[in-house]
Amino acid sequence: MSSSLEGSANSSYGSVAIIGPTQVGGLLSAALFGCLACQSYLYFTRFASDGFALKATVSAILLIQLGQFVCIILTLRAMTVSAYSDPSQLNILPLAADLVIMLSGFTVFIVHSFYAFRLWKLTRSFFLPVLCGMLSVVAQISMLILSVRAISMTDLMTFIDSQIVLIALSWIARAACDSITTVGVTWSLRKGRVSGFRDTVTTVDRLIHWTLETALFDDHNRDNLVVKQNFVWFGIWLLWPNVVGNSLLASSVTKWIRQMITAMNLPT
């Protein structure tokens, strides 16, 4: 009898506790998607001569995030309107929330693949890029398994307790991948920094600075790994794909800024 009451209390707590982080994370994700759309527009209008692979990467991220944006809006509607008078409905997440897990995994996988390729171009070594690729694949497989199991869940808290290893594995693998690519790219740029030309050294310093801003920022924002008690991790999960997507596009759009500075003969 007591165990039944305890399980019911845990389920009720979970259905209420997830609303706040989902609302905050969902709204922030929607705002970041607006930034992503603006950066995508700038990229396609300013860099029409870029290769097909890079254009396809940006297009894939934009389309996937558009799908995620729609799913987040549907999830927020379900929590705000449909379950307003009966939060216990959220003991089972809406289907749109389950699809968000899957879509977010694809976005982060594409971004990690892009940075791994950049690392290979700079180092011409296969070890670190292959290691990053393996970590990214592990995280992606974990996300796919989670999304499939989430669709068939019967209780939110029971699902989290049973899948905590997969949730933690996906975060740890991605954090390791971010750290390796950031350190590898920064070290490669630093190694090739020695030059007799002041402008060249300044440009390399800028590249190092932008690498730390766009890649290492992703890693430092993983402090709240998995906190089951307050579901902060789920809110971060919703906005994370737009964070890494904006980071990738920021590293591309800065080319346009450098071109403008050069054209105006301003010091960099």
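Basis for what follows: all heavy atoms, side chains included, without hydrogens, waters or symmetry-related copies. Just so it is clear, the structure is predicted and the values come from calculations on it, not from any experiment.
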Look at the side chain of [X] and the backbone N and O of [Y], then say whether any donor-acceptor pair between them is shorter than 3.5 Å.
X    : Y    : result
Q68  : L238 : yes
T158 : D155 : no
K55  : F47  : no

**Request:** Verify the distance criterion only: is there a donor paired with an acceptor across the side chains of S29 and N242 at less than 3.5 Å?
**Result:**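 Yes, N242 and S29 have a side-chain donor paired with an acceptor closer than 3.5 Å.
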**Asked** If you measure only the distance, is there a donor-acceptor pair under 3.5 Å linking the side chains of D50 and Y43?
**Response**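 Indeed, the side chains of D50 and Y43 share at least one donor-acceptor pair under 3.5 Å.
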**Residues in side-chain contact (heavy atoms from CB on, under 4.5 Å) contact with S59, at least two apart in sequence or another chain** =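 Expected list: F44.
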**Message:** Going by the rule side-chain contact (heavy atoms from CB on, under 4.5 Å), which residues pair with I110 if we only count those two or more places apart in sequence or in a different chain?
**Reply:**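 Scan of I110 (side-chain contact (heavy atoms from CB on, under 4.5 Å), adjacent residues dropped) gives T57, A60, I61, I64.
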**Message:** side chain to side chain contact (heavy atoms under 4.5 Å, CB included) for S147 and D98? Distances and angles first, verdict last.
**Reply:** CA-CA 6 Å; S147 61; D98 301 332; 5.7 Å; no
Decide whether [X] and [Y] are clustered together by the hydrophobic rule: side chain heavy atoms of Ile, Leu, Val, Met, Phe, Trp, Tyr closer than 4.5 Å, transitively.
X    : Y    : value
W240 : I73  : yes
L249 : L103 : yes
V148 : F159 : no
V183 : I172 : no
I72  : L66  : yes

**Other cluster members, F117 - Ile/Leu/Val/Met/Phe/Trp/Tyr, side-chain contacts below 4.5 Å** =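 Via sub-4.5 Å side-chain contacts, F117 links to W120, F126, V130, M134.
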**Request:** Kindly determine whether I92 and L156 satisfy side chain to side chain contact (heavy atoms under 4.5 Å, CB included), including the steps that lead there.
**Result:** CA-CA 6 Å; I92 301 176; L156 178 60; over 6 Å; no
Does the side chain of [Y] come within less than 4.5 Å of [X]'s, by heavy atoms?
X    : Y    : result
Q39  : L42  : no
L27  : L76  : yes
F114 : L54  : yes
F106 : V111 : no
T181 : H112 : no

**Request:** Using the test ring-ring contact (aromatic ring centres under 6.0 Å, His included), find all partners of F69 that sit at least two apart in sequence or belong to another chain.
**Result:**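 Partners of F69 by the ring-ring contact (aromatic ring centres under 6.0 Å, His included) criterion, ordered by chain and then number, come out as F33.
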**Message:** Assess the residue pair L135 and I180 against the criterion (side chain to side chain contact (heavy atoms under 4.5 Å, CB included)); give the C-alpha distance rounded to whole Å, side-chain angles, the decisive distance to 0.1 Å, and a yes or no.
**Reply:** CA-CA 10 Å; L135 290 171; I180 292 172; 3.8 Å; yes
**Asked** Applying side-chain hydrogen bond (donor to acceptor under 3.5 Å, both in side chains), which residue pairs with at least one partner in residues 99-111 are found, sequence neighbours left out?
**Response**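 For residues 99-111: Q65-T107.
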**Message:** As a quick check of understanding, evaluate side chain to side chain contact (heavy atoms under 4.5 Å, CB included) for T75 and L93, giving each step before the final call.
**Reply:** CA-CA 9 Å; T75 301; L93 288 180; over 6 Å; no
Side-chain donor-acceptor contacts of residues 136-144 below 3.5 Å, not counting sequence neighbours, with atom names and distances?
| from | atom 1 | to | atom 2 | distance (Å) |
| --- | --- | --- | --- | --- |
| S142 | OG | V138 | O | 2.9 |

**Message:** Which label fits F234 and W237: parallel for a plane angle under 30°, tilted from 30 to 60°, or perpendicular past 60°?
**Reply:**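 It falls in the perpendicular class, over 60°.
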